[in-house]
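Take a look at the structure below.
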Amino acid sequence: MKYYKIPFCLVFLFLTITCRAQSENLHSFRVVPLGVEGGLNESNLSSYMLAAAGTDAFIGLDAGTLFSGLKIAVNKGVFRQPLTEVLRKKIKGYLISHPHLDHVAGLVINSPDDSNKNIYALPFCLKVLEEKYFTWESWANFGDKGEAPQLKKYHYIDLEENKETALEGTKMFVQPFLLSHSSPGLSTAFLIRHDSTYLLYLGDTGADSIERSDHLKQLWKHITPLIIDKKLKAIFIEVSFPRSQPDNQLFGHLTPDLLMQEMQTLSSLCGTSSLKGLPVVITHIKPAGNNEQQIKKELRETNKLQLKIIFPKQGVPLNF
Ligand SMILES: [Zn+2]
Ligand SMILES: [Zn+2]
């Protein structure tokens, strides 16, 4: 009766591995937020590590904060390697939505300790990295374009609007869309694909009504079939100010009311109750005064579409 002699610990290990594999199969993406706010606190600015579920190959969605966020994630046991190893080996590249400092400061400051990798962005954004930040007067030129000498640690990859590009070293692909951010200022939304599932990350954006633009409307039209087919797993979108912020002082950002107005437009394209339960991750809250509590309260009050509103925390992984 040798059959019964399989050690219990082996059975337990087998079950653990099976259960873990199954729970990973249910998800398409894994996100580790490294920075979630939109100002003031320089140790917590827009930055999200994103990987295809079941893989360890991340892409950085913006890079306002790297070190402080990685430190929290490592202390929480999210990664078992030392912080610098996570930075150098697990982050395979960066997707930068727009070149405002709160989205790139971590990238610039950590560049001496980083490994060689790609920076993907639309040309308007790469131009600023090349001409303003990675220069010998403001820092060092770690890029492969711009002022000589070029240290060539970062390879700039010009994305093309609405065209899909593979994210090297990962199982993901990206399609960028233009956003209006305090017109004529620009920003980018990244639609990330893993197999046949998608995640949408928007950099800073104003509402179409305020920006006198149709960039969001065009983006909503594009993702409508993905929502109808339940292929879109989550939307990351900003809400910077509470509703008390006057229209002429929005500086290309959203309030809870403006977000819900945009979600209403999306809902009318997708059909009634199509957005119910859709995970919407709120990014870029500007933490002045009691803004944070106020924004959370206003989002709860106005969530008639029954979106699954999520407030991300530094170093706390999210699975979609
Ligand atoms: Zn901005
Ligand atoms: Zn910003």
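Order of listing sets the numbers, starting from 1, for every ligand and every atom in it. One is the number of the first residue; the rest follow in order along the sequence.
- With 2.8 Å as the limit, H103 counts as an N, O or S neighbour of the Zn ion (ligand 2).
- Of the listed residues (Y201, Y48, Y94), just one forms a side chain to side chain contact (heavy atoms under 4.5 Å, CB included) with D62, and that residue is Y201.
- Residues K217 and D208 are not paired through a salt bridge, judged by the lack of any N-O separation under 4.0 Å between the basic side chain and the carboxylate.
- Per residue D204, closest N, O or S atom to the Zn ion (ligand 2): atom name OD2.
- Put simply, the residue from T55, L61, D56 that forms a side chain to side chain contact (heavy atoms under 4.5 Å, CB included) with F58 is D56.
- At a threshold of 2.8 Å, the Zn ion (ligand 2) has a backbone or side-chain N, O or S atom of H284 nearer than that distance.
- Considering CD of E211 and CG of L179, their distance stands at 9.5 Å, rounded to 0.5 Å.
- By the 6.0 Å and 45° rule, K233 does not stack over the aromatic ring of Y198.
- Under 2.8 Å from the Zn ion (ligand 1) lies an N/O/S atom of H100, whether from backbone or side chain.
- If you look at D102 and ask which of its N, O or S atoms sits nearest the Zn ion (ligand 2), the answer is OD2.
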